[in-house]
Amino acid sequence: MKQNYNNHRKFYPPHHFIYLPLLILLEIFGVYNIWNDSGNQLIWILFSIVIFLLFYLAFMTRQHYALGLQNRMVILEFKQRYFEVFNQSPDEVAEKLRFDQIAALRFAYDDEFKELLYKALHENISGNEIKRSIKNWRADHLRI
């Protein structure tokens, strides 16, 4: 499938479409039973708290580790690419950009990369504006 602005986000089906929805359903079930099973209300409260904590832990751990590592890699990729395109140290330029701008620039091929990098540095356009401006999308199928 050809990647573009509209379809560049990815999902991990077991996590996003099975595990998390199941936890949400169990949480709804637990909260419902807090009100409708007064004889076991304390058990349902504890059940709901445990399910909520499992959901929160699963969501935050996955996000924290995966995105933190990917963000570091995106920045390194930007620095390598900047060096290859301009044959100059990228550190000073990278420090002037926000992460959303750096992340968006990876979707542009070299000719658009130069133009959009200039706009990011001098006009402070957002990452979303950079992505919307790309005419020839350079796919990134590996970011989750």
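Quick note: numbers below take in every heavy atom, side chains included, and nothing from hydrogens, waters or symmetry partners.
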K96 and E92 ion-paired at < 4.0 Å: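 Yes.
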What closest approach, in Å, do [X] and [Y] show between heavy atoms, and which atom pair accounts for it?
X    : Y    : result
G30  : F47  : CA-CD2, 3.8 Å
V74  : A103 : CG1-CA, 3.7 Å
S48  : V31  : OG-N, 3.3 Å
A104 : G127 : CB-O, 3.2 Å
H15  : A58  : CE1-O, 3.8 Å
E112 : K135 : OE2-N, 2.6 Å

Going from [atom1] on [X] to [atom2] on [Y], what distance comes out if it is rounded to the nearest 0.5 angstrom?
X    : Y    : atom1 : atom2 : value
Y118 : E123 : OH    : CD    : 7.5 Å
L54  : L26  : CG    : CG    : 9.5 Å
L117 : Q101 : CG    : CD    : 9.0 Å
K131 : N6   : NZ    : CG    : 11.0 Å
I102 : F99  : CD1   : CZ    : 7.5 Å
D110 : F86  : CG    : CZ    : 9.0 Å

Would you tell me whether [X] and [Y] have side-chain atoms, one donor and one acceptor, within less than 3.5 Å of each other?
X   : Y   : value
N40 : D37 : yes
N87 : Y82 : no
S38 : Q41 : no

Single-linkage hydrophobic cluster [X]~[Y], side-chain heavy atoms < 4.5 angstrom:
X    : Y   : value
I45  : V50 : yes
I24  : I49 : yes
L121 : I75 : yes
I28  : L23 : yes
L53  : L20 : yes

Residues, nucleotides or ligands: over 12 heavy atoms within 6.0 Å of F59 CZ: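 No, CZ of F59 has 12 or fewer neighbouring heavy atoms, counting only those of other groups under 6.0 Å.
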If you count heavy atoms of other groups shown closer than 6.0 angstrom to CZ of F17, is the number above 12?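 Atom CZ in F17 is packed in, count exceeds 12.
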Under 4.5 Å between any side-chain heavy atoms of [X] and [Y], yes or no?
X    : Y    : answer
I130 : K119 : no
F113 : I134 : no
L105 : L97  : yes
F107 : Q3   : yes

May I ask you to establish whether R106 and F78 are in a cation-pi arrangement, using a distance under 6.0 Å from NZ or CZ to the six-membered ring centre and at most 45° from the ring axis?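 Geometry flag: not set, cation outside 6.0 Å or 45°.
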Output, in order, the C-alpha distance, side-chain angles, deciding distance and verdict of side-chain contact (heavy atoms from CB on, under 4.5 Å) for D111 and E115. CA-CA 7 Å; D111 55 336; E115 174 189 331; over 6 Å; no
Indicate, with yes or no, if the rings of Y32 and W44 have centres closer together than 6.0 Å.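 No, they do not, as the ring centres are separated by 6.0 Å or more.
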Can you sort out the partners of R98 under side-chain hydrogen bond (donor to acceptor under 3.5 Å, both in side chains), two or more places apart, ordered by chain and number?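 If we apply the side-chain hydrogen bond (donor to acceptor under 3.5 Å, both in side chains) test to R98, skipping adjacent residues, the hits are D100, N124.
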For a side-chain contact (heavy atoms from CB on, under 4.5 Å) check, start with the C-alpha distance between D140 and H8, then their side-chain angles and the critical distance, and finish with the verdict. CA-CA 7 Å; D140 177 4; H8 75 285; over 6 Å; no
Do the rings of F11 and H16 sit parallel, tilted or perpendicular, given the 30° and 60° boundaries?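 Aromatic pair F11/H16 classed perpendicular.
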